Q: 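One structure follows; several queries about it will come next.
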Amino acid sequence: MILSTSVQLAKTYLEKGGVIGLPTETVYGLAGNIWDQEAINKIFTIKERPKNHPLIAHVAHWEQVESIASDIPVKAQLLAERFWPGPLTMILSAKPTIPSEATAGLGTIAVRMPEHPLALKLLSTIPFPLVAPSANPFGKISPTSAMHVFSYFKGKIPLTLDGGNCKVGLESTIIGFKDDAVVIYRQGIISKDDILEVLPNTAVYYDIDNQSNYPGSHRSHYAPRTPLIITESFEEAVNKFVGKKIGLLTMGTSGVDFSSSAEVRNLSKTEDLKEAASNLYAQLHELDNLNLDVIIVKLFPATNLGIALNDKLFRASSQFDQNA
Ligand code: TXA
Ligand code: MG
């Protein structure tokens, strides 16, 4: 795999039906031409993703939304005006011409305009939207740097556009429109309150644990190989695992110095949740690569973004029974 900043090179691969690593402000994607069934099949194969998980289409301008979606609600347009380019994905009715592999046959298509200069430059250079899931093998931590994509897929894709570290670091918020309401299926840094600011008279509710095809339905998402333990007290947890190789994911500056008993990473010294979000996956990747016995973390304060971050932690830890 080549790491490059050449949009022309990316275009060449995509026009040939290739799949490339695409930087976005949230996480890197594994991208292909939405109209190319073979490219879409490749994405599912490379990612080892079950076919019933549809893909997000990435666009550079509104006309591209109209080329793939129909009956677009006015609310969607208002939200796009406020949040695009940015980490908001909207589920809209799909044009029937979209390959059903991209939509998992649901009749809907998820769409967003990423806020990343290279991604936008590429998307305005090619005449088709790009479908892209996060560029991690199914169930693994999402990539927030080109090197993460490289280590997952080096022999499997020809190119990753190197757009540096993802500044948001957390997947986009996904919403849908049901009757007159807005439904949040997955929360990223755009919160319910942010949506209500644009649509103050609209009912906005969560449906995070929806079944089957919906985002967030897969319990052990975002999981490191190393067991991840959620604790209320680092002292207690460190004592419990004494003699083991421990990784700590901390926040803030107060408290005990654990650097002699554990590999410590700090998500945000100032306890800024946005900063913590942008570091979470990168630091999980780092700790996961150190062959530790356990990674220990505390829950975030349950504010809007804290709730989204806690959801990622629960999923990352879910394959290990916390009560056992
Ligand atoms: O930030 C992001 O959204 C990143 C970057 C690359 O854009 N993409 C991403 O894609 O997180 P992915 O495929 O890893 O997660 C998208 C989620 C999946 O859980 C999928 O099932 C759901 O969105 N999804 C996609 N299309 C959908 C649809 N039409 N209806 C319901 N859920 C859908
Ligand atoms: Mg994903």
Side-chain angles (χ1 to χ4, degrees), residues 7 10-11 14-15 20 22-29 31-36 39-40 43 54-100 102-104 106-134 161 163 166-168 171-192 194-202 204 215:
V7 163
K11 180 175 186 237
L14 290 166
E15 283 176 343
I20 64 154
L22 175 76
T24 83
E25 80 282 31
T26 58
V27 300
Y28 276 70
N33 178 352
I34 191 171
W35 303 114
D36 186 334
I40 297 171
I43 293 174
L55 305 179
I56 296 177
H58 296 71
V59 299
H61 45 79
W62 189 254
E63 292 69 44
Q64 278 185 324
V65 181
E66 289 173 335
S67 74
I68 56 175
S70 42
D71 306 322
I72 303 170
V74 176
K75 290 187 171 91
Q77 216 161 331
L78 293 172
L79 290 169
E81 274 164 25
R82 168 69 183 79
F83 295 115
W84 283 3
L88 180 71
T89 296
M90 299 195 275
I91 298 175
L92 304 171
S93 298
K95 286 259 160 79
T97 40
I98 298 178
S100 61
T103 64
L106 291 177
T108 53
I109 182 77
V111 189
R112 84 179 193 95
M113 189 185 294
E115 189 188 6
H116 190 290
L118 262 190
L120 286 173
K121 194 169 159 201
L122 173 64
L123 285 162
S124 5
T125 308
I126 52 178
F128 44 83
L130 290 173
V131 275
S134 53
L161 266 186
C166 301
K167 77 173 191 232
V168 173
E171 294 87 344
S172 61
T173 298
I174 302 183
I175 61 167
F177 301 91
K178 223 175 200 174
D179 304 320
D180 281 331
V182 169
V183 186
I184 301 175
Y185 295 111
R186 178 177 78 182
Q187 199 191 301
I189 63 162
I190 293 178
S191 66
K192 177 175 170 175
D194 295 330
I195 293 166
L196 280 169
E197 252 179 50
V198 180
L199 305 171
N201 300 317
T202 300
V204 180

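Count residues from 1 along the sequence. Bear in mind the structure is a predicted one, so any value in this text is a computation, not a measurement.
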Q: Measuring from atom CD1 of Ile175 to atom CZ of Arg186, what distance do you get when rounded to the nearest 0.5 angstrom?
A: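 So the gap between those two atoms works out to 12.5 Å.
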Q: Could you give me the CA-CA distance, side-chain angles and deciding distance for Val59 and Val111, then say whether side chain to side chain contact (heavy atoms under 4.5 Å, CB included) is met?
A: CA-CA 7 Å; Val59 299; Val111 189; 3.9 Å; yes
Q: Indicate the atoms forming the closest heavy-atom contact of Thr103 with Ala94, along with that distance.
A: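 Thr103 and Ala94 have their closest heavy atoms at CG2-CB, 4.2 Å.
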Q: Hey, does the side chain of Asp179 reach the backbone of Ala181 with a donor-acceptor pair shorter than 3.5 angstrom?
A: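 Judged by distance alone, no pair lies under 3.5 Å.
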Q: Do you know the tightest heavy-atom contact between Pro200 and Glu197?
A: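 Of all heavy-atom pairs spanning Pro200 and Glu197, the closest is CD-O, 4.0 Å.
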Q: Assess whether a salt bridge exists between Arg112 and Glu25, defined as any Lys/Arg side-chain N lying under 4.0 Å from an Asp/Glu carboxylate O.
A: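 So Arg112 pairs with Glu25 through a salt bridge.
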Q: What pair of heavy atoms forms the shortest contact from Met90 to Ala76, and how long is it?
A: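 Looking at all heavy atoms of both residues, the shortest contact is CE-O, 3.2 Å.
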Q: Among Ile56, Leu55, Asn33, find the one that has a side-chain contact (heavy atoms from CB on, under 4.5 Å) with Val131.
A: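 Going through Ile56, Leu55, Asn33 one by one, the side-chain contact (heavy atoms from CB on, under 4.5 Å) with Val131 is satisfied by Leu55 alone.
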Q: How close do Thr89 and Ser172 get, counting heavy atoms only, and between which atoms?
A: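 In terms of heavy atoms, the two residues are closest at OG1-OG, 2.7 Å.
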Q: What distance do Leu199 atom CG and Arg82 atom CZ have between them, rounded to the nearest 0.5 Å?
A: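 Spacing of CG (Leu199) from CZ (Arg82) equals 11.5 Å.
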Q: What are the two closest heavy atoms between Ala119 and Pro23, and how far apart are they?
A: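 Heavy atoms only, the tightest pair is CB-O, 3.3 Å.
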Q: Contact between Gln64 and Met113 at the side-chain level, heavy atoms closer than 4.5 Å - yes or no?
A: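 No - every pair of side-chain heavy atoms lies 4.5 Å or more apart.
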Q: Check step by step if side chain to side chain contact (heavy atoms under 4.5 Å, CB included) holds for Phe83 and Asp194.
A: CA-CA 9 Å; Phe83 295 115; Asp194 295 330; 3.8 Å; yes
Q: Quick check: closest heavy atoms across Ser67 and Pro129, and the distance to 0.1 Å?
A: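 Taking every non-hydrogen atom into account, OG-CG, 4.5 Å.
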Q: Roughly how far, to the nearest 0.5 Å, is the CD1 atom of Ile195 from the OG1 atom of Thr202?
A: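 Going from the OG1 atom of Thr202 to the CD1 atom of Ile195 covers 10.0 Å.
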Q: How many angstroms lie between atom CG of Leu22 and atom CG of Leu118, to the nearest 0.5 angstrom?
A: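 CG of Leu118 is found 8.5 Å from CG of Leu22.
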Q: Just so I know, are the side chains of Phe177 and Val183 near enough to count as touching, which here means a heavy-atom distance under 4.5 Å?
A: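 No, side chains not in contact.
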Q: Side chains of Thr26 and His116, heavy atoms from C-beta outward: is any pair under 4.5 Å?
A: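 With C-beta onward as the side chain, the pair stays apart.
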Q: Would you indicate whether the side-chain heavy atoms of Trp35 and Ile98 approach each other to under 4.5 Å?
A: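 Sidechains of Trp35 and Ile98: in contact.
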Q: Closer than 3.5 angstrom, by distance alone: can the side chain of Tyr28 be matched with the main-chain N or O of Cys166 as a donor-acceptor pair?
A: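 No.
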Q: Atom CH2 in Trp84, atom CD in Gln77: separation rounded to 0.5 Å?
A: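 Reported to 0.5 Å precision, the distance equals 10.0 Å.
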Q: Has the side chain of Thr173 got a donor or acceptor atom that lies under 3.5 Å from a matching backbone atom of Ile190?
A: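 Looks like yes, one N/O pair under 3.5 Å.
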Q: Could you check whether any side-chain N or O of Lys75 sits under 3.5 Å from a backbone N or O of Asp180, counting only pairs where one atom can act as donor and the other as acceptor?
A: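 Looks like yes, one N/O pair under 3.5 Å.
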Q: Are Leu14 and Leu122 close enough that some pair of their side-chain heavy atoms sits under 4.5 Å apart?
A: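 The answer is yes, as the side chains (C-beta and beyond) meet within the 4.5 Å cut-off.
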Q: Check whether any side-chain heavy atom of Pro114 lies under 4.5 Å from a side-chain heavy atom of Leu123, and answer yes or no.
A: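 With C-beta onward as the side chain, the pair touches.
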Q: Are any of the side-chain heavy atoms of Pro73 and Leu92 separated by less than 4.5 Å?
A: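 They are in contact (side-chain heavy atoms under 4.5 Å apart), so the answer is yes.
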Q: Check whether any side-chain heavy atom of Leu106 sits under 4.5 Å from a side-chain heavy atom of Ile91, and report yes or no.
A: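 Leu106 vs Ile91: side chains apart.
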